[in-house]
Amino acid sequence: MDNQNEMLKTAQELIEKTGRKLNLFQEEIDFLIQPDRVIEIKVPVKMDNGVIKTFVGYRSQHNNVLGPYKGGIRFHQNVSREEVIALSTLMTLKCAANSLPLGGGKGGVIVNPKELSEEELERLSRAYAKAIAPFIGEDVDVPAPDVNTDGRIMMWMLDEYEKTIGKKSPATFTGKPVEFGGSLGRTEATGRGGVIVMGNLLKALNKDYKTIAIQGLGNVGSYFAKIAFEKGFKIVALSDSKGGIYNENGLNPDEVIKIKEETGKVSDYSDGKVITNEELLELPVDILVPAALENVITKDNASNIKAKLIIEMANGPITEETYPILEEKGIISAPDILANGGGVIVSYFEWLQNRKNEKWTEEEVNQKLEEQLKTALKEILDISQEYKVNLKEAAFISALKKITKK
Ligand code: GLU
């Protein structure tokens with residue numbers, strides 16, 4: 001089974017399992033599993049050499065019981081129909097677990113954006129936005145950045161969307177640059193949220209863990225690293241898709257990010273040992289932070305994991321069958337739908353600000369983010385005790401309770 005199907009299987013099995021714990025009828029569970037609709041679109045792009053290349057894109061609208069569909073758009077060569085369905089399912093649960101009045105959606109284009117020029121990337125973003133325009137809107141479905149997409153891409157997409165519908169509608173896309181209606185604090189929000197969850201979870205567990213290995217140095221991994229470093233954690237390993245670097249005496253993330261910006265590779269950083277992404281996961285650290293892609297911790301490497309705490313910053317980094325192995329080893333994991341919820345929480349704040357024509361200060365945004373995540377974490381910890389389940393299942397139960405009003 002390929003990776004994407006594995007993630008869909010994980011999400012669906014967890015809904016089945018936790019739905020049964022909530023005594024939901026099988027019909028209710030089936031309703032929660034099935035996406036409302038999956039849109040498949042053709043994305044034609046004029047390449048720099050004049051040839052028109054056709055890409056395939058998707059938008060999965062999983063569930064809107066609690067509010068408009070909400071979720072990112074990723075540009076990646078491994079995007080598939082199953083992957084966007086799985087990710088949109090996680091968005092439904094993420095928004096619910098964080099008490100947002102939003103549902104779950106996710107989109108993607110099958111493309112390696114690193115092979116595109118800047119102009120081709122803009123034309124691709126615009127073509128995608130034009131193709132999904134009839135299906136989105138500020139009260140219908142609100143996209144945002146995800147893997148390999150950012151504020152600039154949201155700005156292009158919003159511009160194209162507004163041209164297509166013939167009116168302004170800034171709340172239809174979140175994660176925009178601040179000058180174009182974005183919220184202060186949104187860029188850092190997913191990483192910041194992860195550090196907030198980690199700090200509060202350590203407090204609740206009464207643990208004083210210090211050393212961290214982070215897989216992935218995109219938006220999520222880099223802000224997680226910077227903010228955790230500022231808070232006094234010791235970052236001993238960092239990686240990008242090409243490999244990583246390990247230094248048991250600690251790394252300054254800003255310096256590593258600078259090298260990555262200069263040469264394109266984290267592993268060009270000279271003060272440390274070059275490691276692979278697989279090796280990074282098995283390092284002797286207190287805390288492991290998968291912040292790249294799904295299905296990286298599986299039954300094949302679970303027995304080699306030495307960290308005591310895993311913070312799931314990627315969506316779906318651990319496969320379902322792996323949780324019992326980790327539990328047996330006493331490893332606790334903070335579930336993705338909580339740990340990486342900071343991004344969509346501040347997206348919600350951005351959506352509110354756009355609709356009310358307000359501008360919140362960064363301090364206000366960060367404070368509200370912290371309150372929201374602390375409440376969600378507390379609810380999940382309480383459920384975990386009440387139902388005697390791990391935090392992943394507790395997060396799913398917390399979300400399903402809110403969606404089904406049980
Ligand atoms: N792509 C992010 C996620 O997976 C953010 C989604 C959003 O802000 O809507 O949570």
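Atoms within each ligand, like the ligands themselves, are counted from 1 in listed order.
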Worked check of side chain to side chain contact (heavy atoms under 4.5 Å, CB included) between Val142 and Phe173:
CA-CA 5 Å; Val142 182; Phe173 286 84; 5.9 Å; no
Using a 4.0 angstrom limit on heavy atoms, which residues are close to ligand 1?
Lys70, Gly71, Gly72, Met91, Lys94, Lys106, Ala144, Pro145, Asp146, Arg186, Asn315, Gly343, Val344, Ser347
Could you check whether Lys392 makes a cation-pi contact with Tyr323, meaning its NZ or CZ is under 6.0 Å from the centre of the six-membered ring and within 45° of the ring axis?
no
Would you please name every residue forming a ring-ring contact (aromatic ring centres under 6.0 Å, His included) with Trp156, sequence neighbours left out?
none
Once the angle between the rings of Phe349 and Trp360 is folded into 0 to 90°, is it parallel (under 30°), tilted (30 to 60°) or perpendicular (over 60°)?
tilted
Check step by step if side chain to side chain contact (heavy atoms under 4.5 Å, CB included) holds for Ile257 and Lys226.
CA-CA 10 Å; Ile257 291 166; Lys226 280 167 184 269; 3.8 Å; yes
Evaluate whether atom NZ of Lys163 has more than 12 neighbouring non-hydrogen atoms of other residues, nucleotides or ligands under 6.0 angstrom away.
yes
